[in-house]
Amino acid sequence: MQYIEHGDGGEATVMHLAEAATPALRSGEVLIEVHYAGVNRPDILQRSGSYPPPAEASKILGLEVSGIIVDKAPDVTQWQIGERVCALTPGGGYAMYCACPAVQCLPIPDGLSMLEAAALPENYFTVWTNVFERGQLSQGETLLVHGGSGGIGLTAIQMAKEFGARVITTVGTAEKEDFCKKIGADLVINYRNSDFVEAVRTYTEKRGVDVILDMVGGDYMNKNIHLLAMEGRLVQIAFMQKSVSQIDALPIMTKRLTFTGSTLRPRSIAQKAAIAKALQNQLWHVLAEGRCKPVIHRVFPLSDAVAAHQLMESSAHIGKIMLRVKQTPEK
């Protein structure tokens, strides 16, 4: 099969098409003929050499795919060969075939294309487990999402609105500001020309917000702590700035705050299976009804993975960047 090789890591230009054997299946796995694969920030980090995959995972980039099951391990009973799925993969998505635990696969929601389905797993798994499980966002509460125009940000906005929350988000351009308003955000703050701390305080009449989803870090951490309302929850999922920062911890005590966070890839298969089950029960019908649809910014052929990564690193995109793997994509 063809796949994207990134060698020992480095700039995007280290990636190139290469050939390897089709993955062998282990117990509990299915083999997916990949139609589309999503491009995500962890792929950038892995390619650069700063985020090595777990020891048992494929070294090939790619954490989410859609496609057709073409083989399965003898102990897999919940899927049949020929079924269309999307999947949160342990790695290996930038390839013609990808082996994945069967419990991390989900049926493609009615009405969604293979392309749209491939844009679901990484963002929906991430937002569900962090905003709703760890952050405990509930109806009537207010969520602040930093970076609302990316795949995770747009997913968080739509999911929070679906469950009855108010949403504030920060973005860096007027175009992204307009798009996040159209997608449902109640307040969008352009951090390049506004102080988001003051804007949030004004909007909430100094009460603050209940949950913050942050992937920036750096000096945002202390600002986030001071923006949380009583019993508020700060959920950290990445660090686009640094992970070390001086904070004032007094509000954590006086407002009984929770500062938590998580990563998705190192979690156990059982934990990811539980998230998949929750998504299918809580959100798959919402997607089938045409709500919370993924936003696709641009699709590149697999051979143009370099350009896809360069676009993501520029942060000029709104929504998902995708790779078309199968040469004759669905119409």
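Predicted model, so just to flag it, every value in this text is computed and none were measured.
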(message) Please determine whether residues Y94 and V30 belong to a single hydrophobic cluster, defined as Ile, Leu, Val, Met, Phe, Trp and Tyr linked transitively by side-chain heavy-atom distances below 4.5 Å.
(response) yes
(request) Taking Q158 for its side chain and T155 for its backbone only, find out whether a donor-acceptor pair lies under 3.5 Å. (result) no
(message) Tell me whether I321 shares a hydrophobic cluster with Y51, the cluster being built from Ile, Leu, Val, Met, Phe, Trp, Tyr side chains joined at under 4.5 Å.
(response) no
(message) I'd like to know if E205 and R207 make a salt bridge, using a cut-off of under 4.0 Å between side-chain N and carboxylate O.
(response) no
(request) May I ask you to say whether E313 pairs ionically with R47, meaning some side-chain N is under 4.0 Å from a carboxylate O? (result) yes
(request) Please check if the distance between the ring centroids of W128 and Y124 is under 6.0 Å. (result) no
(request) Measure across G91 and R265 and return the closest heavy-atom pair with its distance rounded to 0.1 Å. (result) CA-NH2, 3.7 Å
(message) Does this structure show an ion pair linking K293 with E116, if we count only N-O contacts that are shorter than 4.0 Å?
(response) yes
(message) Taking the basic N atoms (NZ, or NE/NH1/NH2) and the acidic carboxylate oxygens, is any pair closer than 4.0 Å for E64 and K320?
(response) yes
(request) Please determine if E231 and K255 form a salt bridge, counting it only when a charged side-chain N lies under 4.0 Å from a carboxylate O. (result) no
(message) Using a 4.5 Å cut-off between side-chain heavy atoms of Ile, Leu, Val, Met, Phe, Trp and Tyr, which other residues end up in the same hydrophobic cluster as M253?
(response) L250
(request) Would you sort out whether R291 and E162 count as a salt bridge (Lys or Arg N to Asp or Glu O under 4.0 Å), showing the intermediate values? (result) CA-CA 8 Å; R291 307 196 302 279; E162 178 66 29; 2.8 Å; yes
(message) Check E33 with R84, please: is the shortest side-chain N to carboxylate O separation under 4.0 Å?
(response) no
(request) Linking directly or through intermediates, with side-chain heavy atoms under 4.5 Å: list the remaining ILVMFWY members grouped with L144, chain and number order. (result) I168, L187, I189, Y191, F196, V197, V200, Y203, V209, I212, V216, Y220, M221, I225, L227, L228, L234, F239, I247, I252, L257, F259
(request) Indicate yes or no: does D186 engage K181 in a salt bridge with an N to O separation below 4.0 Å. (result) no
